[in-house]
Amino acid sequence: MERRSFIKLGGASLASAVLGSGLLSWVPRSEAATISKTFYITGGTITMPDGVGVYFKGFSNSATGLNVPAASIICQEGDTLSITVVNKLAVTHNFVIGGLKPGDPVLASTGDIASGATKTLTYTIPTGKAGSYLFYDNKTTYNVFLGLHGGLAIMPAGKSNQLYSGSPTFVKQQFWIFNDIDPALNSAVQSNAVVPTTFTPRYFTINGLTSLPPGAAGHGDPTRDALYDTRTRLAGFVGDRTLVRMLSAGMCSHAVHAHANHFEWLTDRGTVRSSVWKKDTLYLRNKLGKIDAIFPFEAPPDAYPPTTHGHFPMHLHDEMSQTAGGGMYQFGSMTEIEFL
Amino acid sequence: MGMGNACYVYPGAPATPGIVTPDVTFSRGIYMNGSMRFDDGNSVTIWGFTDLAAGQGQADGMGGGSFPSPAMRVTEGQIVHTKLTVGDMWMHTIHHHGIEPSQENDGVGHLSQDVTNGTYTYQWRPKNAGTYFYHCHTNTPLHAEMGMYGGLIVDPKPNPADPVGTKRAFANGPIYDVEAIWAADEIDPAWHNLEWAAGTCGGDVGLNNLNPKYFIITGVDGKTSALTNPGVAVNMVKGQTLLVRYICAGFHPQKIDFGGLTASVVASDGRPLPTPWQTGSIEAHSAERFDCIFKPTITGTWTVTISFYHWRTGAVMGTAKTRITVT
Ligand SMILES: [Cu+2]
Ligand SMILES: [Cu+2]
């Protein structure tokens, strides 16, 4: 799987450079820009930690690669998104930007993209749409589970450090996109068989990867290990308040649990919370649930002697998600929090 | 049972860095052959922690013990030692969930050690009063499901202006008279025959798929027993204030419905809320905690129902019930 995702931007929009290091880097502009991106709908096999190969589809950066999830996009209110999607697969797909809240209409859609066809979606983002979005394929109910999804961050116009105008501030931001994989679904899709009506997920990913604990092949490799994936891992000095845009692309609800600090919980399913609660565990709904929260990078409050350093996990507390293939604890949806 | 094959474990029992004389010490052993009997007469194997200082259990891990494991209760600002002793037949840790200590004392195997053949002393100093719990963090899906958890309450420092014995949820928080700890959990008997390292070396042992058949509150079957069990059901007098510490101790999402009473939720996950939240029910997911204040103004009996929802389908898998009786 091609893992490092670099968005190639249209000529006018160099200020919107995205996602080389994994962190969403962002410099606000006084003028709107056009953000151009081409995705290729591709398929391929990714090897799970237990050695099982599973078929995935993705919105990929090249016609021959496979990116699961897709490269993230960051832009600001007023920008125009120009997203071209090339369908390299044999069946019809589409590309939609989901609404902010459950039940909201999609922001924009390419409509059906037949096999071999190309469609371009053009959408000018109105004021008031700042927030975290999932783009995905809703041609079927299950295409999103296959890997056809990615994150879109819309910044409030002119702001570099707020989720919405007036929100608590942050200095870094990133996505955690969660997926739950039942290979029976993926293999049915691959072989054009009847899709199962019930699912039992066996693999659990964060930004497309599982954790690989010390001693495992690939441990520490940022292109393979979710503990070290720079898109996923939280690394900061005290004060490096990091906004995490959590999106559920998968079939299960999850309990997102950080060690070392409580999150500041800003939104649930697109709605700004009436006050900011400090939580060590956040209930991320399935069916395209989302949460925005800030990991504050404060010194771990209960350490004695006091310290400002250390490595800690973020893991899902619905512990079935910490496994692969029905066992292999620590090969699931987990990353690392490092106090530098 | 026994050592068996274990992979991706990080055995050790090192000295605690920067160890000092504590204000409070808990001495925990483990048990690996306890049981819980349900209202239908069936029972399952339960694992847990024992209180060695109280003469419970043995460090070799055989035999039984209380379920949930013995609670820990401390006061904010105290230096606490949790001494975990484990024999050489297995590995376990203690993670004080919601407590945020140093890496060495966080109880996460791959970032410190899985305790075996010795004792590790977890050193921590709680800063924030509230409701927490502790649990094993080795092969966690299995060990937590097997019962390796217990309550952990951090009380605020006494306020010198309060009468002696005044109980508050947190500093300057609400005063309460009666307290209940409701750790709501679900049991899938199919998981309760596995050995401690099951699945760690690979192979499908079903740890991705929890299909509970029993639904319990603080170690008591929620079908019938928890309605009246004195460790769970609340009996109080009109005019008193009740603090319910609700802990979502299972792995599937839950909803607790207070049966017509309105809770004033004053804290969650060991942190006061900016303003209390008035609600008749709470949706929660694994490991969330909510501190709920009730001040009933009339006498009566209210049935509290905890519904357990499948994490994927959202279907109600079962319920657990208890009661609040006000006389
Ligand atoms: Cu254990
Ligand atoms: Cu926990």
Side-chain angles (χ1 to χ4, degrees), chain A residues 50-51 180 198-204 213-216 251-255 257 259-262 274-287 300-307 309-313 315-331 336 339, chain B residues 7-8 10 17-18 20 79 95-106 108-111 123-128 139-142 144-145 198-210 248 251-253 268-271 273-275 283-288 309 311-314:
Chain A
D50 59 352
D180 318 300
T198 184
F199 305 120
T200 304
R202 294 171 65 76
Y203 306 102
F204 305 92
M251 43 181 95
C252 298
S253 63
H254 292 301
H257 171 50
H259 291 218
N261 276 185
H262 282 48
S274 57
S275 62
V276 176
W277 293 7
K278 295 183 176 177
K279 294 279 290 174
D280 61 56
T281 308
L282 294 164
Y283 182 172
L284 179 65
R285 309 293 169 130
N286 60 355
K287 299 187 173 142
D302 306 316
Y304 195 85
T307 184
H309 298 288
H311 296 248
F312 303 90
H315 64 90
L316 304 183
H317 214 280
D318 39 290
E319 295 279 346
M320 301 82 83
S321 67
Q322 300 303 290
T323 64
M328 296 186 77
Y329 172 61
Q330 299 165 121
F331 291 78
E336 193 158 301
F339 283 67
Chain B
C7 300
Y8 307 107
Y10 308 92
V20 297
I79 294 174
H95 169 61
H96 305 82
H97 184 111
I99 298 293
E100 292 161 341
S102 62
Q103 177 181 344
E104 295 85 349
N105 294 294
D106 200 26
V108 177
H110 79 275
L111 293 170
Q123 178 167 284
W124 48 286
R125 182 177 62 175
K127 189 175 179 187
N128 299 94
N139 204 7
T140 316
L142 180 60
E145 162 69 15
T200 58
C201 299
D204 184 351
V205 295
L207 294 182
N208 61 319
N209 191 8
L210 185 73
C248 185
F251 296 156
H252 286 285
S268 179
D269 294 2
R271 299 292 185 274
L273 303 188
T275 51
E283 294 179 331
H285 208 330
S286 179
E288 287 190 281
Y309 298 90
W311 69 332
R312 185 183 69 79
T313 66

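To find a chain, count down the sequence lines: A is the first, B the second, and so on, and within it residues start at 1.
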Undergrad: Rounded to the nearest 0.5 Å, how far does SG of C7(B) lie from OH of Y329(A)?
TA: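 So the OH of Y329(A) and the SG of C7(B) are separated by 15.0 Å.
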Undergrad: Who among A260(A), G310(A), G327(A) has the most heavy-atom pairs with chain B under 4.5 Å?
TA: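 Most pairs with chain B among the choices: A260(A).
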Undergrad: Could you grab the distance from atom OG1 of T323(A) to atom CG of D204(B), nearest 0.5 Å is fine?
TA: 9.0 Å
Undergrad: Side-chain contact, heavy-atom cut-off 4.5 Å: H317(A) with E288(B)?
TA: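 A side-chain contact is absent here, since even the closest heavy-atom pair is not under 4.5 Å.
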Undergrad: Using 4.0 Å as the upper bound for N to carboxylate O, is an ion pair formed by D302(A) and K127(B)?
TA: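 Salt bridge between K127(B) and D302(A), a charged N being under 4.0 Å from a carboxylate O: no.
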Undergrad: For R312(B) and T200(A), does a side-chain donor sit closer than 3.5 Å to a side-chain acceptor?
TA: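 Per modelled atom types, R312(B) and T200(A) side chains form no pair under 3.5 Å.
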Undergrad: Just by distance, do the side chain of D50(A) and the backbone of G203(B) share a donor-acceptor pair under 3.5 Å?
TA: no
Undergrad: With side chain to side chain contact (heavy atoms under 4.5 Å, CB included) as the criterion, how do K278(A) and L273(B) come out once you've worked through the C-alpha distance, each side chain's angles and the decisive distance to 0.1 Å?
TA: CA-CA 8 Å; K278(A) 295 183 176 177; L273(B) 303 188; over 6 Å; no
Undergrad: Answer with yes or no whether the side chains of H262(A) and E100(B) bring together a donor and an acceptor at under 3.5 Å.
TA: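 The answer is yes; a qualifying pair exists.
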Undergrad: Examine distances only and state if a side-chain atom of Q123(B) and a backbone atom of Y304(A) form a donor-acceptor pair shorter than 3.5 Å.
TA: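 Pair found, side chain donor or acceptor close to backbone of Y304(A).
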Undergrad: Within the distance-only criterion (no hydrogens, no angle test), does the side chain of E319(A) pair as donor or acceptor with the backbone N or O of F251(B) below 3.5 angstrom?
TA: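 Between the backbone of F251(B) and the side chain of E319(A) there is no qualifying donor-acceptor contact (under 3.5 Å).
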Undergrad: P274(B) versus V276(A): any side-chain heavy-atom pair under 4.5 Å?
TA: no
Undergrad: Taking side chain as C-beta onward, heavy atoms only, is P306(A) less than 4.5 Å from R125(B)?
TA: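 Yes; the side chains approach each other to less than 4.5 Å.
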Undergrad: Over 60° means perpendicular and under 30° means parallel, so tell me whether F204(A) and W311(B) are parallel, tilted or perpendicular.
TA: tilted
Undergrad: Parallel, tilted or perpendicular: which one describes the rings of H257(A) and H97(B), with boundaries at 30° and 60°?
TA: parallel
Undergrad: Is any NZ, NE, NH1 or NH2 atom of the basic residue among R271(B) and D280(A) found under 4.0 Å from an Asp or Glu carboxylate oxygen of the other?
TA: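 Looking at R271(B) and D280(A), the cut-off is not met.
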Undergrad: Under a 3.5 Å distance rule, please check whether N208(B) uses its side chain to pair with a backbone N or O of M320(A) as donor and acceptor.
TA: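 Pair absent, no side-chain N/O of N208(B) close to backbone of M320(A).
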Undergrad: Can you see whether S253(A) engages H285(B) through a side-chain donor-acceptor pair at a distance of less than 3.5 angstrom?
TA: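 The answer is yes; a qualifying pair exists.
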